[in-house]
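As structure tokens, the structure follows; a few thoughts come after it.
The sequence lines fix the lettering, A, B, ..., with proteins before strands; numbering per chain opens at 1.
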Protein chains: 4
Amino acid sequence: MFELDIRSRKPIYEQLVEKLKELIITEVLKTDEQLPSVRMLAQQLTINPNTIQKAYRELEVQGYIYSIKGKGSFVSPASDGLNTEKLLKVKKDIMKLLSEAMYLGVTADELITMIKEINTTIGGGIENDQN
Amino acid sequence: MFELDIRSRKPIYEQLVEKLKELIITEVLKTDEQLPSVRMLAQQLTINPNTIQKAYRELEVQGYIYSIKGKGSFVSPASDGLNTEKLLKVKKDIMKLLSEAMYLGVTADELITMIKEINTTIGGGIENDQN
Amino acid sequence: MFELDIRSRKPIYEQLVEKLKELIITEVLKTDEQLPSVRMLAQQLTINPNTIQKAYRELEVQGYIYSIKGKGSFVSPASDGLNTEKLLKVKKDIMKLLSEAMYLGVTADELITMIKEINTTIGGGIENDQN
Amino acid sequence: MFELDIRSRKPIYEQLVEKLKELIITEVLKTDEQLPSVRMLAQQLTINPNTIQKAYRELEVQGYIYSIKGKGSFVSPASDGLNTEKLLKVKKDIMKLLSEAMYLGVTADELITMIKEINTTIGGGIENDQN
DNA sequence: GTGGTCTAGACCACC
DNA sequence: GTGGTCTAGACCACG
């Protein structure tokens with residue numbers, strides 16, 4: 001289910017954060033659905049529980065999940081909170097990457113196609129009016 | 001000329017790589033133009049020459065510049081050849097970021113507007129974040 | 001009546017303690033008034049009775065309520081006696097928070113306004129956060 | 001220098017965060033001043049380095065310090081960033097505590113005196129116009 | 001030498 | 001059983 005590259009320069013917990021974020025964004029993991037427990041996942045991936053927890057905590061800080069002491073970790077509702085600053089960061093990152101892509105020869109049309117593709121994958125736009 | 005953020009969590013050499021990449025992409029530094037020497041730049045930025053070295057090496061690996069022993073480092077021509085694999089990586093990164101942006105509430109229209117904006121201003125300045 | 005946030009990082013019993021404290025402070029629950037029974041409240045909130053118990057015990061320790069075996073739990077009269085030490089703790093906490101607020105840029109005037117506001121509306125509703 | 005209560009229910013790293021925050025707010029530790037290194041402090045307090053690091057990381061997330069990989073940890077400039085949301089939280093907490101204090105018998109005058117006291121300790125108001 | 005990551009294994013609080 | 005904290009000790013990346 002998760003393919004972690006133990007040799008990668010990118011820390012394991014960051015890889016985990018990314019993978020889980022992706023599952024949440026693509027709604028494979030739905031709102032309020034329970035994530036695998038720290039220990040279970042640790043065992044499955046043969047990784048130290050602390051590493052899993054670090055990933056979960058990071059996801060919690062970023063607003064993607066919430067954890068309840070004796071119960072488990074769960075997916076937060078989308079657009080839950082205060083993503084204004086996060087939005088700014090993501091937009092900047094996108095600008096940077098888009099520039100690089102175009103320098104490498106990607107056309108604007110290709111990019112637009114990608115966007116439309118994602119738009120269907122996610123399931124259409126999400127209403128959000130706090131920006 | 002370069003504004004490095006000593007407080008950033010991102011290593012200095014990575015910041016350097018990004019800044020230089022940006023200058024190359026926006027064609028402030030043109031094909032076959034010579035980059036400042038390691039020592040000069042180190043002195044200017046009051047930074048350890050090893051750090052500059054590392055950045056230049058990284059840019060060389062990524063195909064943005066080439067070095068000639070005893071002469072210096074120069075900007076590689078765009079679309080040099082090895083961009084196929086890089087393109088795939090960049091595209092993947094873009095997909096990831098676009099998905100995240102949309103999950104956070106950015107609409108497809110907004111993103112398309114951004115793309116068109118870059119398409120026209122390619123060659124202008126691009127802002128960088130500090131993470 | 002009670003809106004508990006199951007997603008909060010704060011344990012449920014602590015949330016209960018705070019809510020009840022608030023009701024007592026704002027005199028929605030008056031001196032010697034009986035609190036809802038553990039079982040009733042547990043049923044209403046669809047929460048484990050043990051959790052309610054724990055909250056009531058905590059409130060008793062803090063001097064806000066008293067329990068009579070076989071009868072129930074009741075609101076203690078204000079300024080009951082043991083408030084000297086509690087007062088010290090609360091004052092210390094306030095100093096800490098006020099310092100932090102000012103460090104973050106709140107002016108003394110703003111704070112004084114807040115105090116006056118409470119002074120007049122004491123007996124009105126107070127909003128709680130979820131951390 | 002630090003008096004940590006190893007037996008307290010409050011996690012050691014949180015105690016550390018509070019102590020350090022206090023030192024920063026009262027400007028005992030000034031902007032860009034270096035904090036003791038993770039290992040040094042761990043040794044001094046006979047505490048595990050990981051625990052210190054957790055505290056430092058938390059302070060970094062909260063915007064009070066910044067850390068640079070091979071150099072050390074340093075105090076962030078005051079009102080550096082995006083404290084809007086933090087401000088709201090702190091204000092709510094203050095309202096709650098002030099209410100409790102007044103219920104316990106503290107007068108508005110006493111509270112105002114406290115504010116003025118802090119105002120001189122910190123060194124006057126800090127200019128800040130992003131709220 | 002610095003911060004950052006990871007492991008192995010223990011204990012606690014919550015429900 | 002769950003998440004959260006802490007320890008002891010190892011290794012890596014950075015400058």
Side-chain angles (χ1 to χ4, degrees), chain A residues 4 6-16 34-42 45-60 65-74, chain B residues 4 6 8-16 42 45-55, chain C residues 4 6 8-16 42 45-55, chain D residues 4 6-16 34-42 45-60 65-74:
Chain A
L4 298 179
I6 200 76
R7 290 170 224 146
S8 167
R9 305 189 47 206
K10 184 174 290 177
I12 295 176
Y13 86 95
E14 277 190 26
Q15 294 181 47
L16 258 173
Q34 184 164 6
L35 297 169
S37 87
V38 171
R39 288 166 174 77
M40 289 266 291
L41 197 51
L45 304 177
T46 58
I47 274 181
N48 190 293
N50 285 331
T51 306
I52 309 282
Q53 214 191 3
K54 193 166 186 180
Y56 276 21
R57 176 154 195 203
E58 179 66 21
L59 283 167
E60 195 175 356
I65 71 172
Y66 60 93
S67 298
I68 305 179
K69 243 194 228 188
K71 296 207 62 177
S73 299
F74 307 84
Chain B
L4 299 178
I6 193 81
S8 169
R9 306 201 54 182
K10 185 174 290 179
I12 294 178
Y13 86 95
E14 277 189 31
Q15 292 184 49
L16 258 174
L45 304 176
T46 56
I47 275 182
N48 191 314
N50 290 331
T51 307
I52 312 278
Q53 267 290 12
K54 191 162 187 179
Chain C
L4 297 179
I6 192 82
S8 170
R9 305 202 55 180
K10 185 174 288 176
I12 293 178
Y13 87 93
E14 277 189 31
Q15 291 183 51
L16 257 174
L45 304 176
T46 58
I47 274 182
N48 191 315
N50 290 332
T51 307
I52 313 278
Q53 268 290 12
K54 190 163 187 180
Chain D
L4 299 178
I6 201 79
R7 288 170 225 146
S8 168
R9 305 188 47 207
K10 184 174 291 177
I12 295 178
Y13 87 94
E14 277 189 27
Q15 294 182 47
L16 258 174
Q34 183 164 7
L35 297 169
S37 87
V38 171
R39 289 166 174 79
M40 288 267 292
L41 197 52
L45 304 177
T46 57
I47 274 181
N48 190 294
N50 284 332
T51 306
I52 309 283
Q53 212 192 5
K54 192 167 187 179
Y56 276 21
R57 175 155 194 200
E58 179 66 22
L59 283 168
E60 195 174 356
I65 70 173
Y66 60 93
S67 298
I68 305 178
K69 242 194 233 185
K71 294 206 63 175
S73 300
F74 307 85

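- Residue contacts for C:Asn50: at a heavy-atom cut-off of 4.0 Å it reaches no nucleic acid atom on any strand shown.
- In this structure, A:Gln15 contributes its side chain and A:Lys10 its backbone to a donor-acceptor pair below 3.5 Å.
- Smallest separation of non-hydrogen atoms from A:Lys54 and A:Tyr13: CG-CD1, 3.9 Å.
- D:Gln34 places a side-chain N or O within 3.5 Å of a backbone atom of D:Lys71 that can act as its donor or acceptor partner.
- Both D:Gly70 and D:Ile47 lie near DNA chain F, and the one whose nearest nucleotide falls closer to the 5' end is D:Ile47.
- If D:Ser67 and A:Ile68 are placed on DNA chain E by their nearest nucleotide, the residue sitting closer to the 5' end is D:Ser67.
- Taking CD1 from B:Ile12 and CG from B:Leu4, the interatomic distance works out to 6.5 Å, rounded to the nearest 0.5 Å.
- Taken from OG in A:Ser73 to CZ in A:Arg57, the straight-line distance is 12.5 Å, to the nearest 0.5 Å.
- Among the duplex regions that DNA chain E forms, those built from at least three successive Watson-Crick or G-U pairs under 3.5 Å are E:1-14 with F:1-14, ordered by first number.
- Of the residues in residues 6-15 of chain A, A:Arg9 come within less than 4.0 Å of DNA chain F through at least one heavy atom, sorted by number.
- The line from CG of D:Leu45 to CD1 of D:Ile52 is 5.0 Å long, rounded to the nearest 0.5 Å.
- Here the range on DNA chain F touched by chain B, meaning any atom under 4.0 Å from one of its heavy atoms, is F:dC14 to F:dG15.
- The minimum heavy-atom distance between D:Asn50 and D:Asn48, with the atom names listed, is N-OD1, 2.7 Å.
- Atom CD of residue A:Glu14 and atom OG1 of residue A:Thr51 lie 12.5 Å apart, to the nearest 0.5 angstrom.
- Side-chain contact check for D:Pro36 versus D:Tyr56: some heavy-atom pair is nearer than 4.5 Å.
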